[in-house]
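The sequence lines fix the lettering, A, B, ..., with proteins before strands; numbering per chain opens at 1.
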There are 2 protein chains.
Amino acid sequence: MSGLRYEAAVGKLRGCGYKATPQRLAVLAAISAGQHQRLEEIRARCPEVGMVTVYRALDLFTGLGIVRRLDLGQGPRYELAEDHHHHLVCEDCGSVKEFERCPVDLQSLSRVGGDFEVRAHSLELYGRCSDCR
Amino acid sequence: MSGLRYEAAVGKLRGCGYKATPQRLAVLAAISAGQHQRLEEIRARCPEVGMVTVYRALDLFTGLGIVRRLDLGQGPRYELAEDHHHHLVCEDCGSVKEFERCPVDLQSLSRVGGDFEVRAHSLELYGRCSDCR
DNA sequence: ACTCCAATTGAAAGATTTTTTCATCTACAA
DNA sequence: TTGTAGATGAAAAAATCTTTCAATTGGAGT
């Protein structure tokens, strides 16, 4: 339950006028507890929260930009939007690793959009992990 | 049915020992006919192909790397993997536009992986489109 | 061209995932 | 405290995806 990212997320939730219910906090804590988790894993971390509520919380959080939804194969995954990092996805075994160093040229990024206001970006790298080579 | 990308995809299919059935060609043509289409749109372009076969074709194509599966919100989308471009996704209206100019620094990209062999990447930009501003 | 067979298809059934409904409950502002 | 708009959850419904299996067919070999 500790962690700056978790606290910041709760603050944003409250700030937008939504109630910080135990269920929402539980889902948020579950998401905070790992990276790029599948729905199944998140549900396992807060079994006391009903399925419907988990779906609704995920929709709410992604809508508010608190949580990011990812498609890295095998269904959607979720993680806190707060920390900016990217993913290495192995096309053979499906494993996922993170890396911090963002290889996006932010200068040319701002130019690319034209009149599109860029607020965030996601980058995934696909290939083969060291184990599969 | 014309188009270099379509032809190359058929070639790759045959080259991997898979039969180029009318159904598979129809699905491939449907995908080639647009960008980042949803399953629904693809199905509408080849209504003569059974649902099961469309699912199987999409699995096969994405497995072979002929087709890329995307998550830009509102369920999976598909497009030919051939042409390298990225997406601008509007968080307000959900519209998607493409852009060609890749703002990823390929030099630092190759360094980022370490012993991970990077074969492809996908980049999406999220924000607000000109209409929603 | 013809034959043959492994690969492919599709209808139906089944499983899984997601959404809707609605009665009940609760976080929190006053 | 209390009142209430917002939130929850069980059940049902809807949507989505997969399995099964008998029938069909693309295309290699002749």
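- Taking the side chain as every heavy atom from C-beta outward, A/His85 and A/Glu79 approach each other to under 4.5 Å.
- For the pair A/Asp59 CG and C/dT17 P, the computed distance is 17 Å after rounding to whole Å.
- A 4.5 Å side-chain heavy-atom check between A/Arg43 and A/Met51 finds at least one atom pair inside the cut-off.
- At a threshold of 4.5 Å between non-hydrogen side-chain atoms, the residues B/Glu91 and A/Arg119 count as touching.
- Residues A/His121 and A/His84 bring their aromatic ring centres within 6.0 Å.
- The CZ atom of A/Arg24 sits 14 Å away from the C1' atom of C/dC25 (whole-angstrom rounding).
- Taking atom CG of A/Leu13 as the reference point, atom P of C/dA27 lies 14 Å away to the nearest angstrom.
- Rounded to a whole Å, the CD atom of A/Gln23 is 12 Å from the P atom of C/dC28.
- Of the possible polar contacts, one joining the A/Arg133 side chain to the B/Asp115 backbone as a donor-acceptor pair under 3.5 Å is found.
- Considering only side-chain N and O atoms, B/Thr53 lies under 4.0 angstrom from the phosphate OP1 or OP2 of C/dG10.
- Between B/Leu39 and A/Gly50, the residue anchored closer to the 5' end of DNA chain D is A/Gly50, taking for each the nucleotide with the nearest heavy atom.
- Side-chain N or O atoms of B/Thr62 include one that pairs as donor or acceptor with a backbone N or O of B/Leu58 at under 3.5 Å.
- Of all nucleotides in DNA chain D having an atom under 4.0 Å from a heavy atom of chain A, the first and last in 5' to 3' order are D/dA5 to D/dA11.
- Residue contacts for B/Arg56: at a heavy-atom cut-off of 4.0 Å it reaches a base atom on one of the strands shown.
- Nearer the 5' end of DNA chain C, as judged by each residue's closest nucleotide, is the contact made by B/Thr21, out of B/Thr21 and A/Tyr18.
- Backbone-only engagement by A/Arg14 is indicated by non-hydrogen atom pairs under 4.0 Å involving sugar-phosphate atoms exclusively.
- The residue among B/Gly17 and B/Val52 whose nearest nucleotide of DNA chain C lies closer to the 5′ end is B/Gly17.
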